[in-house]
Student: 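Please find one structure pasted underneath; my questions will follow.
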Amino acid sequence: MDYNFNEVEKKWQQYWRDNKIYKVDIDHDKPKFYVLDMFPYPSGAGLHVGHPLGYIASDIYARYKRLKGFNVLHPMGYDAYGLPAEQYAIQTGTHPAVTTEKNINRYREQMDKIGFCYDWDREVRTSDPKYYKWTQWTFIQLFNSFYCNKCQKAQPIGKLIAHFEEHGTDGINAAESKPMSFTAAEWKAMSEKEQQEVLMNYRLAYQAEALVNWCPELGTVLANDEVVDGLSVRGGFPVVRKSMKQWLLRITAYAERLLSDLDNVDWNESIKEVQRNWVGKSMGASVIFKVEGKDIDLEVFTTRADTLFGTTFMVLAPEHELVSAITTPEHRTEVEEYIAHAKNRSERERMAEVRKVSGAFTGAYGINPITGAKLPIWIADYVLMGYGTGAIMAVPAHDSRDFAFARHFSLPIIQVVTKPGTEPTDPATWEESFDAKDGVMVNSGFLNGLTVKKAIERMIQELEKLGVGTGKTNYRLRDAIFSRQRYWGEPFPIYYKDGMPYAMDESKLPLELPSIDEYKPTENGEPPLARAKNWVTEEGYPIETNTMPGFAGSSGYYLRYQDPHNDKEYFSREANDYWQNVDLYIGGAEHATGHLIYSRFWCKFLFDLGLSCKEEPFQRMINQGMIQGRSSFAYRVNIEKLCEHAVWYQLKDKKYGVEFVRDFKDGRRRFDFFCPEKGILIEINRVGNLEKVVEPWKEYANEKGYKLLLVPIADVVRDYVKGTNKVEQKIKDLIAGKDVPAYEEVQPLPSTPLFVSKNVTDREVFSDPIHVDINLVHNDILDTIAFTEWRDDLKNALFLFEKDKDGNNVYICGSEVEKMSKSKYNVQNPDDLVEKYGADTLRLYEMFLGPLEQSKPWDVQGIEGTYRFVRKFWRLFHNENNEFCVSNEPATAPEMKTLHTLIKKEEDGIESISFNTVVSAFMICVNELSDLKCNKREILEPLTVMISPYAPHIAEELWHLLGHDSSVVNASFPIYDESKTVENSFNYPISFNGKMRFNMELPVTMSAEEVQAAVLAAPEAQKWMEGKTPKKVIFVPKKIVNVVI
RNA sequence: GCGGAUAUGGCGUAAUUGGUAGCCGCGCUAGACUUAGGAUCUAGUGGUGAAAGCCGUGGGGGUUCGAGUCCCCCUAUCCGCACCA
C-alpha cells in the first residue's frame, strides 16, 4: 500500500487531542471569526453521510479562516432534551439521560473519526444543569419583563408597576394579551392576586388559558411549528385544539423587529421568505360594527377597507366569544349544533374539508358603519379565531371564500371594484369573485372613481373621523406556547402561591430535574413531574410541573459557547464583546420557522437587556441540501400476478370467442375476470385464499345467476410446467355452457422466493420490487450469495438471471433516488467509508458531490475518484518506492502558474461556499503537477497548507515530513500573486459570425489592428471568409476575436 | 391558489458573470501490466456523420457581432405557505 490512511489519520487525531490544537481563547491581537453548526439532537440512529455534510463544510471554512489569520471559534455540543429519548423511557423505563448519554457518545465517536476541528473544551449539553441554569435564568428575566411599544424594547416589569402606581394604565403602550384600563387608585385597591393577574397581561413569559395544539398520543401540547398538517412533527400523531392553561412567550411583541431585521442578515432569500410568511404582516383597518338592537360592538379586521360598500354579511369564527350573546332564540339550536360539530373535528379533518362550505345564521344583524345597511351575521369555520379578531365583514364580490359562501347560502353580492376601463356587470352571472387588488371603485359613494389603493387610504380616514375604525397592522405570528407536559426538559423556576405563579430567586438556580419512578403522566392527567417527591420550595410552595420545550435550550446556545464554563453569568461581557455573534451558521433549512425564529427572539430580548451586543444571532447562514439515498431493488416474482397475467393473455381480444373484462367489481367483491355475455366470473389466487371465499362466493354467484370459477395458481403453474391445459379447458367448457365445478381442491405450491433480473422481458408485470441492502449490490449487480444469507426468508431464493456482455449470468438490480432511511436499506454510514477510504477522502468527496445548498443523491461509486486523487496527491511527494522525495530546486514558471491559479480558485471558492469547485481545482492542479513531474518544495509546501482544510490528516502528515514541528493548522495560507499567472500570449478562439472556427496563439500586447490583420491573414481564415471583406471585427483582449462577414 | 427555487452528456456537475458549452469525477469503450482484481496505469468518450461539417444547455420568441448566462411567453420538477379576511 502506498498511503496508509488508517494509520496516519489515527496518529494525527491523537496528536490534535493530546496537544489541544483546536482549543481557542480570546486573543485581542487577532480578528475573531465564529463558525457554527446547527445544534444536533443526538438520535439513536447515529450519523449517516447526510449529517456530516454541513459539518465538513463548516470545518473547512473554520480551518481556512484560521490559516488566514483569524481567531476562529468553532464549537460543538448537543441539543440533549428531546422526545425520542423520553418516549423510549416511557416504554422501557430507561432514564432518558442514559439513552441520551449513549447516543451522544456514539455521535462523538463518529465525529472524531472525520477529523473535525471543534474546540471540545467548549462543549455544552442542554440537559446539563450548569447549562440549563441559564435557560431558567433567561426565563425569569422574560417573566420579569414587559415590552414597551413606544421604545420598542423589553423593560423591567418593575417600571410598569411603578407606572401603575402613579398613573394606572394611562400613557401605557405595551404589548398585552388584551386591552386593560384602570386608574392608579384602582390598581392600589387590588389584592396582590389581582395585581399579579394584571401583570400576567404584560409579562413576556406569561401564563394564560390558550387554545393549544394538544397531542394525546404524546401527552403534551406542541408549538405551531411542531405541528404539520394536523400531525405532530415528531411521531406523526394527530393533534387537536384544546383550551388549557399554559406558559407562553410573548414573541408577537417582537413581530415587527423579527420581520424588518431580516433585511440585515445574509441568509438565502427562500428562508427569509418563509420567515416573512410566518410573521405574516398585513396592513389594514380595524372596523367596529354595531349589532342591531344590542349594545354590542363587533370588531373586524380587513385589509380591504375600500370594499366596505360591498359587504353584504358578516361571519364570526364558531369559537368567537360573542356568538352566544348575539344569537337569537329561534336560531340557537342550529348555532349550537354547528359549534359542536366544528369543535369535535380534529385539525386534520378540518383541513381536509377546506373547500366544503358550511355555516349557520345567528339571527342577528350588524350595521354597516358607513352605509347603515343591515348585515346578517353568520358563523362559519372558514373564519379562524386565531387570525385578526375572529370576525370578518364578507365582501362576496371580491373574495373567493366569501363568494362561495354567499352562493351556497344565497346571500346578496354587490360589485364595488371594476377592472380599469370596464363597466360593472351583474354579479349573478359571475363564475367566481373578482379578487384583483388593482381596480377602480364603483357603487361606493364617496369612493367612486378612486383606485383601490387610494380608496383604502380614504376609507381609513373616514372611519377614523367617524370614530368607528382605525388603520391597523396585523400579524399572523402567535405567541409561542412554552410548556410541555413532559419529563425530559428544563423545569420552570416557578412556584405557586395562592394559585398565582411566582419566579424563584436567581440564587436557587439551577432548579434541577428531580428523579421520578415512571415517565408517564399521572393517573389524573398531571404531567410526569407531579410524580416527583417533595417538588416544593423550601417554604413549601408547590413547584410548576410542566417543563420547557425543546427550543428553550437551543435558543441561546451560541451565546453560551462564548463562555461555557462561567458559573456567575450566562456569558461575560468581555467574551461577548469579542466573539459577538455567529459569522457563518450552517445547517438544514428545516429550522426555518422553529429554531431560527425562537433564537432570533431570544437574542433580541438579551440585546434589549444589554447582554448581547448584537441584535441578530446569525449574520450569515447557509442551508445545506439533503443527501438522498440511492435505493437498490430486486424484483420478486408475484406468482399470483404472473398467473393472472398469463391467463389474461389467453382471454383478452376474444381469443375464446367471447369478451372478458379485467378487475370486475360488484360492491365490495372483486374478481379478476368477468365475461358479461356468458356471466362467467373467474378469480385466480392462492389455494389458501380461495378456500376462505369459496362458500360465500358460490352463494353470491347463485343469487346473481353467474357461473363461478376459482382457479388456484398451483393449477396455472402446473399447466405451464407440465404442458397441460387443465385451466384452459375448464374456461372453454364454461363458455360452451358445460357444468364445471367452481372449485377443486389441489395441493398448494411450495413457496420459494423467486427473483427476476431487471431487464427480463415483462418483468414489471409479474414482479414486485423489494428494497435490497445497498451493501449487497455493486455496480447494480446483486451479490446473490450474500443476498440469500441476508434474511432467513431468502435462504432458498432462486434467481432468473440475465446475460452480461461476456455472456455471464448476472442479476441486475433496479435503483431509485429516495430519502435515506433505515427502512429503505439505503443508508450509507460514514464510519464504513472512513474505514474503507479514510476520512480525508470522505471529506473531499462530500464536498465534491455538488453545490452545498443543493439536494443530491449519494452515489456510492463516485468516492473512488477522490480516493484516487488523495493517493495521487501523496505520490507527488514520493518516488516509486514510496520514499519521501521532495526537491529544493526553484519552481518553473508553469509550476508557479498552476499553484497560483489554485490559490485564487480556492480563495474565491471557499468565500462563495462553492467547495465542489475547489476540490475540482485541486484535482486539476495535481493532474498538472503530475504531468510536470513536479516535486519541488516551493510548490508542494504551500499546496500542503492549502489542502489542509479539506484533507487535514494527509496534510498534517506531509507537513511534518516536510520538516515542520508544529501543526499545519498554525501555518499561513499562501498569498496570491497575480503576476505568476499572467502569460504573454493568449490562445484566441477565432469565430466567424459568432461561431468558433479555430484557435490562434497571439501576444497579449497586440493592438486591435494588428490582431485583425493577423487573423485575416491566417490560412484557416480564408476558408470562412469566402472571399468577402469582413463588415466588422470584434476584438476583446484575452477573450475572443469575432469576424462578422 | 400564492410564493421561492431549479432545468446543461448515461450520472453528479463546471463555465472567468454576455465571449471556445461540457472542466473535474463517476460510468462506459479500447489497450497495457499482472500473483485474474470490486487493483493500477494509458488513451478515448455530447449527438450525428466516412469526412468536411451540421445539430446541441426543458420548449417557443426577442435583444446582441456573440446568449447556458439578459428580456418576454410556456412546460416540467422540487420546496415552502395556504380558508390569513
Side-chain angles (χ1 to χ4, degrees), chain A residues 2 268-278 280-282 284 300-304 307 311 315 317 350-351 353-357 380-384 386-395 398-402 404-405 435 474-476 589-590 592-593 625-626 630 778-781 783 805 817 844-845 848-851 853-869 871 904-905 908 914 916-917 919-927 987-999 1023 1030-1036 1038-1045:
Chain A
D2 37 5
N268 83 50
E269 203 45 44
S270 71
I271 293 258
K272 285 191 185 182
E273 202 49 42
V274 170
Q275 294 229 335
R276 285 189 195 111
N277 284 340
W278 195 255
K281 181 178 183 173
S282 54
V300 154
F301 175 75
T302 178
T303 54
R304 295 292 302 272
T307 60
T311 180
V315 187
R350 187 169 162 159
M351 283 179 192
E353 291 174 20
V354 157
R355 297 284 159 212
K356 223 164 129 187
V357 178
D381 62 5
Y382 83 91
V383 175
L384 304 177
Y387 186 75
T389 61
I392 63 157
M393 52 173 236
V395 185
H398 307 290
D399 180 288
S400 55
R401 294 148 305 161
D402 296 345
F405 195 83
D435 294 7
N474 198 41
Y475 298 92
R476 195 184 78 108
E590 68 273 15
T593 50
M626 255 206 326
R630 187 176 180 275
H778 304 284
N779 275 353
D780 286 341
I781 296 171
D783 180 340
K805 62 176 173 4
V817 171
L844 284 160
Y845 185 55
F848 182 67
L849 229 39
E853 298 185 72
Q854 250 170 54
S855 288
K856 54 237 154 193
W858 179 259
D859 173 5
V860 200
Q861 290 157 59
I863 196 169
E864 301 275 351
T866 42
Y867 183 51
R868 283 185 199 121
F869 161 76
R871 283 177 300 164
K904 180 92 173 74
K905 278 202 173 152
D908 292 351
S914 56
N916 54 327
T917 59
V919 178
S920 158
F922 276 133
M923 289 175 172
I924 294 166
C925 172
V926 168
N927 287 347
N987 193 20
Y988 281 96
I990 312 298
S991 48
F992 291 80
N993 285 341
K995 277 189 201 279
M996 211 287 281
R997 295 304 182 183
F998 59 91
N999 283 308
K1023 184 174 155 194
K1031 286 192 190 122
K1032 202 169 162 191
V1033 176
I1034 313 278
F1035 169 64
V1036 186
K1038 284 204 210 168
K1039 286 264 191 305
I1040 200 170
V1041 180
N1042 187 19
V1043 183
V1044 186
I1045 307 165

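Each chain gets a letter, A, B and so on, in the order its sequence line appears, and its residues count up from 1. We use all heavy atoms of the structure for the numbers below, so side chains are in, but hydrogens, waters and symmetry mates are not.
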Student: Taking only the side-chain nitrogens and oxygens of Arg868(A), find out if one of them lies under 4.0 Å from OP1 or OP2 of G25(B).
Tutor: no
Student: Applying salt bridge (Lys or Arg N to Asp or Glu O under 4.0 Å), can you list everything that pairs with Asp399(A), at least two apart in sequence or on another chain?
Tutor: Arg401(A)
Student: Run the salt bridge (Lys or Arg N to Asp or Glu O under 4.0 Å) test against Asp908(A) and tell me which residues pass, sequence neighbours left out.
Tutor: Lys904(A)
Student: From the set C24(B), C26(B), G19(B), return the single nucleotide nearest to any side-chain atom of Asp859(A).
Tutor: C26(B)
Student: Classify the nucleic acid contact of Gln854(A) as base, sugar-phosphate or nothing, counting any heavy atom under 4.0 Å across all strands shown.
Tutor: sugar-phosphate
Student: Touch check for Lys995(A), heavy atoms < 4.0 angstrom, all strands: base, sugar-phosphate only, or nothing?
Tutor: sugar-phosphate
Student: Determine whether any donor atom in the side chain of Asn1042(A) lies under 3.5 Å from an acceptor atom in the base of C65(B), or the reverse, and answer yes or no.
Tutor: yes
Student: For Phe869(A), check ring-ring contact (aromatic ring centres under 6.0 Å, His included) against everything at least two apart and list the hits.
Tutor: none
Student: Given Watson-Crick or G-U pairs with both distances under 3.5 Å, what dot-bracket string fits RNA chain B, with | for other-strand pairs and [ ] for crossing?
Tutor: (((((((..(((......[....)))((((((.(..)..))))))(((....)))..(((((..]....))))))))))))....
Student: Expressed as a whole number of Å, how far does the P atom of C33(B) sit from that of C28(B)?
Tutor: 22 Å
Student: List the atom of Ala592(A), the atom of Val274(A), and the distance in Å for their closest heavy-atom pair.
Tutor: CB-CG1, 3.8 Å
Student: Base, sugar-phosphate alone, or nothing: which one does Ile1034(A) contact when heavy atoms must sit under 4.0 Å apart?
Tutor: base
Student: So what does Val1044(A) touch, heavy atoms closer than 4.0 Å: a base, only the sugar-phosphate, or nothing?
Tutor: sugar-phosphate
Student: Ignoring the backbone of Pro989(A), work out which of U20(B), A85(B), U40(B) is nearest its side chain.
Tutor: U20(B)
Student: In whole angstrom, give the distance that lies between atom CE of Met626(A) and atom C1' of U77(B).
Tutor: 14 Å
Student: Reckon Asn474(A) touches a base, only the sugar-phosphate, or nothing at all at heavy-atom distances under 4.0 Å?
Tutor: nothing
Student: State, with a plain yes or no, whether a side-chain heavy atom of Val1033(A) is found less than 4.5 Å away from one of Asn1042(A).
Tutor: no
Student: Taking only the side-chain nitrogens and oxygens of Asn277(A), find out if one of them lies under 4.0 Å from OP1 or OP2 of C2(B).
Tutor: no
Student: Give Asp908(A) one of three labels, base, sugar-phosphate or nothing, depending on what nucleic acid heavy atoms sit under 4.0 Å from its own.
Tutor: nothing
Student: Contact class for Arg276(A) (heavy atom, under 4.0 Å): base, sugar-phosphate, or nothing?
Tutor: nothing
Student: Using the test side chain to side chain donor-acceptor pair (under 3.5 Å), find all partners of Arg630(A) that sit at least two apart in sequence or belong to another chain.
Tutor: Asp780(A), Ser815(A)
Student: Using the C1' atom as the point on both nucleotides, what is the distance between U35(B) and A51(B), in whole Å?
Tutor: 47 Å
Student: Which whole number of Å gives the distance between the P atom of U64(B) and that of C71(B)?
Tutor: 16 Å
Student: Classify Arg997(A) by what it touches in the nucleic acid, base, sugar-phosphate, or nothing, heavy-atom distance under 4.0 Å.
Tutor: sugar-phosphate
Student: C24(B) phosphate, OP1 or OP2: any side-chain N/O from Asn927(A) under 4.0 angstrom?
Tutor: no
Student: Could you work out, with side chain to side chain donor-acceptor pair (under 3.5 Å) as the rule, every residue matching Ser920(A), not counting sequence neighbours?
Tutor: none
